[in-house]
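Everything on this sheet refers to the single structure shown next.
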Amino acid sequence: MSVRVRFAPSPTGFLHVGGARTALFNWLYARHTGGKFILRVEDTDAARNTQEAVDVILNGLRWLGLNWDEGPLTSDATGPAKGDRGPYFQSQRRANYQRRVEALLSRGLAYEREGAIKFKMSREPVVIDDLIVGQVRRELTDREAEDPDFVIVRSDGQPVFHLVNVVDDLEMGITHVIRGEDHLSNTAKHVALFQAFGVHPPHYAHIPLILNPDGTKMSKRDQGASLSTYVEEGYVAEAVVNYLVLLGWSPKENREVLSVPELVERFDLPQVLRHNARFDMAKLQWMNGEYMRTLPADRFYELCVHALAKAGLQTNAFPLAYVKAALDTCKGKLKTFAELPGYAGFYFADALDFDPAAVVQSFTAENRPRLQRLRDAFAKVEPFNYAFLEAGLKNTAGELGVKPGVLVHPTRLACTGKTAGPSLYHLLEVLGREKVLARLDAALK
RNA sequence: GACCCUAUGGUCUAGCGGUUAGGACACCACCCUUUCACGGUGGGAGCCCGGGUUCGAGUCCCGGUAGGGUCGCCA
């Protein structure tokens with residue numbers, strides 16, 4: 001039987017990084033097995049779930065590259081969808097739930113109580129065969145020992161999560177439920193429900209959770225919890241995917257950087273770890289740097305321009321060739337695009353933000369005449385390119401009897417305001433004679 | 001409180017009865033170098049604790065401890 005897996009998020013207005021990884025594991029499993037990846041929106045709470053909140057999920061999955069074979073095409077619950085097992089919004093599936101509840105009622109497997117409908121839960125422990133965790137024998141908690149039955153339809157007529165989740169998985173032909181371990185305890189209820197409907201439950205695979213660096217639960221406000229952070233800060237989607245898959249899964253070949261096709265080929269459920277992982281921003285940033293270094297030029301430019309614009313630096317005021325040349329000097333030097341405005345902002349703004357400590361150190365009484373000599377040499381360099389600039393600087397240093405570094409650092413500071421940045425000679429070439437001389441003059445004032 | 005899951009350096013992990021316990025991030029030092037980044041070399045740092053089983057245990061079993069999860073007319 002062909003694999004059918006699903007990601008069934010609730011539109012809360014943000015996509016949790018743990019949810020993103022759950023979606024990723026589902027997607028990888030579908031692609032690995034040649035099965036189908038289905039997206040279903042659990043928008044049962046009409047008051048809270050807006051179309052914008054659905055867009056956050058759709059856009060997040062699209063950004064990650066997790067295309068779905070069945071599911072909504074837009075955030076409109078009544079809008080178009082692909083696949084023949086819809087609707088794919090729970091808000092549109094009321095009739096299905098009602099029919100299933102009536103079936104349970106008529107067979108005496110559920111009963112009405114104070115206006116709500118409760119499911120007659122088994123009093124026996126339920127055994128779950130989990131593809132990741134192994135066989136789990138779930139005993140009743142003390143609370144459940146008192147009353148194991150649980151509500152499946154609220155007194156206001158709204159069906160409850162456990163019911164709709166199972167009905168949808170059943171009717172959509174889901175073969176493998178891959179979800180967070182926080183659902184492991186709930187699984188007993190779900191298994192009982194499947195059995196009550198007279199079918200075998202799907203295979204379960206509960207994946208460990210992602211925790212904060214301090215080991216606490218990662219909630220909405222915690223750093224890195226929202227996928228939108230990575231989109232906004234210009235992370236490379238493939239890097240985020242690569243990092244997330246390594247949280248709880250390993251290719252077991254001492255490799256860290258793997259392309260999506262390599263992941264699809266290698267990913268499988270039994271290799272998924274059973275223990276929670278902590279989120280490590282430093283490693284994600286390293287991974288992102290790895291991907292930034294090898295990004296195709298056009299995509300690199302695009303993400304650069306986006307990051308600069310976000311910081312208020314408009315690149316479209318400059319010639320395209322200048323922008324590209326400027327960005328080329330930054331390639332391979334950064335871990336995230338968020339660093340770019342601070343790193344390359346001097347190309348696109350004349351008001352430099354000088355590092356005060358460096359000013360004291362570089363623009364000394366001793367260095368000023370040296371810098372003046374260099375300025376005069378740069379005024380005559382022809383052509384004004386990195387090779388001649390380097391020769392010119394080294395020549396001047398030689399004439400002054402100092403090491404090149406004595407001139408390099410003040411020059412960098414005068415032209416960029418910073419002590420670190422792109423290759424000096426290359427950045428001077430890109431800036432051009434006019435700006436370079438003007439900035440040296442300004443520094444000498 | 002009950003129930004469930006988990007436990008290798010600070011972090012992510014490899015290991016699946018006999019290894020000098022391997023790799024990656026981070027950190028430190030040095031090299032490269034105009035800065036930064038990259039790259040290279042080296043370094044510090046680990047099997048939660050206690051019992052078993054076994055000739056031998058990070059690896060298997062039991063018990064603690066610790067962390068996480070679930071016990072809703074939330075999803």
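Since this is a predicted model, take the numbers as computed values, not measurements. Within every chain, numbering begins at 1; the chains are lettered A, B, ... in the order of the sequence lines, protein sequences first and strands thereafter.
Nearest nucleotide to the A:R154 side chain, out of B:U6, B:C25, B:A75: B:A75. The side chain of A:H275 has B:U6 as its nearest neighbour among B:C4, B:U6, B:A14. Candidate nucleotides B:G68, B:A26, B:A75 were compared by shortest atom distance to the side chain of A:H183, and B:A75 ranks first. The nucleotide whose nearest atom lies closest to any side-chain atom of A:S250 is, among B:A14, B:A26, B:C12, B:A14. Listed nucleotides: B:U70, B:A2, B:G69. Nearest to the side chain of A:L209: B:G69.
Note on A:G180: nothing from the nucleic acid sits closer than 4.0 angstrom, heavy atoms only. Across all strands, A:L393 comes closer than 4.0 Å to no nucleic acid atom at all (heavy-atom distances). At a threshold of 4.0 angstrom between heavy atoms, the contacts of A:A116 include nucleobase atoms, whether or not backbone atoms are also involved.
In this structure, A:R21 satisfies the cation-pi test against A:F25, with its NZ or CZ atom closer than 6.0 Å to the six-membered ring centre and inside 45 degrees of the ring normal. Seen from the ring of A:F119, A:K189 does not count as a face-on cation partner, given the 6.0 Å and 45° thresholds. By the 6.0 Å and 45° rule, A:R100 stacks over the aromatic ring of A:F197.
Applying the side-chain contact (heavy atoms from CB on, under 4.5 Å) test between A:Q90 and each of A:N96, A:V164, A:V41 identifies A:V164 as the sole match.
Base pairing of B:C30 is made with B:G40, judged by Watson-Crick or G-U wobble geometry with both donor-acceptor distances under 3.5 Å.
Side-chain atoms of A:T187 and A:R179 form a donor-acceptor pair, as typed in the model, at a separation below 3.5 Å. Under 3.5 Å, the side chains of A:S10 and A:E42 contain no donor-acceptor pair of N or O atoms.
In this structure, the CG atom of A:N242 is 17 Å from the P atom of B:C12, given to the nearest Å.
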Practice task
For nucleotides 29-37 of chain B, just jot down a letter per nucleotide in 5' to 3' order: B, S or -, based on protein non-hydrogen atoms under 4.0 Å.
Solution key: -----BBBB
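Not a single donor-acceptor contact under 3.5 angstrom links the side-chain atoms of A:N276 to the base of B:G68. A donor and an acceptor atom sit less than 3.5 Å apart, one in the side chain of A:S155 and one in the base of B:C73.
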Handout entry: Worked check of ring pair (Phe, Tyr, Trp, His ring centres under 6.0 Å) between A:H190 and A:H162
Key = CA-CA 7 Å; A:H190 300 177; A:H162 299 299; 5.1 Å; yes
